[in-house]
Amino acid sequence: MPAFPALNAPSAALLSRLAALLGPAGLLTERSDVEPFCTDWRALYHGHAAAVLRPANTAELAEAVALCAREGVAMVPQGGNTSMVGGATPDASGRAIVICLSRMNRVRRIDPVDQTMEVEAGVTLKAAQDAARDAGLMLPLSISSEGSAQIGGVLATNAGGNNTVRYGNARELVLGLEAVLPDGQVFHGLRRLRKDNTGYALRQLFVGSEGTLGIISTAILQLQPQPRAVEAALCAVADAAAALALFAAFRAQDPALIQAFEYMSGAGMELVTTLVPGASLPLSEPAPAYVLVELATPRPNADLRAALEEVLGAALEDGTVSDAVIAESEGQRLALWKLREEHAEAQRRAGASVKNDVSVPVSHVPELIARASAACAALVPGIRPAPFGHIGDGNIHFNLVQPEGMDPAAFLAMDHRIMDTVADIVRDLDGSFSAEHGVGRLKPYMMPDWRGGAELATMRRIKAAIDPRGVMNPGAIFPPDDLPDSPAHPS
Ligand code: MLT
Ligand code: ZN
């Protein structure tokens, strides 16, 4: 286990050197300016920071990191601050510095022949998608927070999302990467090669490292052809088993057409339609569960509507689907997606919730949902399970909303018991305790149990080799006893 020396608060001399380096737009020290960077999206983590750095380019970022590292100051990289696991929130000590990438926001280049995009870390995922589309291509990564989430954070957490079923996770899209190491050196890996077997694929080490090994500054991403046709439908089903039967039917028809295959529980949908303005169910009556399926193809003249209707028609006939609506316009397609994408927001509005971003082999999803729902109801009577997510790749957000009328703090105080209850079932089903959100500051306590032995020991050795002082995002991924100054749970 690496024994990291205690981390320091930045000295006045360091802050004035950073001010000279970054200018007034690049350094925030006023408490009111710094505070917004110190609470996570879910408002579960409330830390403090000595300053926020906002470098404008890689050279500034590298120099700033070198200065902070020399003084042994903790650095917390932050993109759009959309982490679901407190991955980008400083601890309560007030000694850390947040490094925000939002000023590094240029799409530098799109190459139509290579079908690649070179993009800086602070570009929002939505802006990157739009730039690719304007160039007649597609960046095939879509997550609910894409309007705020930034490329650097998306890659540092190896985000998954709605299109993993077809294109893989963020990792699969990364051809090249530039990152600033914890001592300020720059790893220059901005290559746009499909084949590059030259030793260890270091770029992949940074993807999913959650900012603990350095700060991703720029990436080259693989794009896809722009689909010429897209069709989406919302289907009412009895349960997750029926959802999987429908998935099997679409796969049997043509797996290459499936762009998204999402599951929503009836309870989750009810929260969305009652708590989110402008969201309404386009079916005649509520169902126990729903599937949002999207087909897409870049092929010209493909009759995608006929393909969708063929599978849905058979599924309605054999009872797999009890009702369905097909989007007749782009507006209707977006309205269907709103019902899915507002799940996290609706759950936030419903009160305190405990999230379990878990994955199991696709075939085990029905058993996961049934067993975890029963176990959580036994643990907390009145708890409201609202599972939803990417059933096509086995990733379910087994989220639980507090019982009506319960004190939110009392509910959240049970978070580990609830998470462990779900995790026991996930383990039994050969799954993972974190599918796409990462470990952050929420789940390091699970690491020894789930990734212990040689696996965690190797991760610790990699961390110690690249970040021997432990200055990069302390508190994330590794259990707190590795990093004495960074409690896993903020005060
Ligand atoms: C989503 O797919 O919408 C999320 O990853 C959100 C969540 O777990 O709440
Ligand atoms: Zn998700």
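Ligands are counted one by one from 1 in listed order, and the atoms in each one are counted from 1 as well. Being a predicted model, the structure only gives us computed values, none of them experimental.
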Q: Could you check Glu330 against Arg333 for salt bridge (Lys or Arg N to Asp or Glu O under 4.0 Å), going step by step and ending with a plain yes or no?
A: CA-CA 5 Å; Glu330 179 61 4; Arg333 188 182 73 86; 2.8 Å; yes

Q) Between Lys126 and Glu146, does at least one N-O distance fall below 4.0 Å, as a salt bridge requires? A) no

(Q) When you compare the side chain of Leu257 with that of Phe250, does any pair of heavy atoms fall below 4.5 Å? (A) no

Q) Between Phe388 and Tyr290, is the gap from one ring center to the other below 6.0 Å? A) no

**Q.** Pair Arg441 + Asp40, salt bridge at N-O below 4.0 Å
**A.** no

Q | Single hit among Pro385, Ser353, Pro387 for side chain to side chain contact (heavy atoms under 4.5 Å, CB included) with Leu400 | A | Pro385

Q. Does Arg305 pair with Glu328 as a salt bridge, N-O distance under 4.0 Å?
A. yes

Q | Distance filter under 2.8 Å, centred on the Zn ion (ligand 2) - protein N, O or S atoms that pass it | A | His390 NE2, His397 NE2, Glu436 OE2

Q: Verify, without hydrogens or angle tests, whether Asn395 (side chain) and Ala435 (backbone) share a donor-acceptor contact under 3.5 angstrom.
A: no

Q: For ligand 1, would you mind listing the residues that have at least one heavy atom less than 4.0 Å away, ordered by chain and number?
A: Met84, Ser144, Arg340, Ala344, Lys355, Phe388, His390, His397, Asn399, Glu436, His437

Q: Could you tell me whether a side-chain N or O of Lys443 sits under 3.5 Å from a main-chain N or O of Gly438, the two making a donor and an acceptor?
A: no

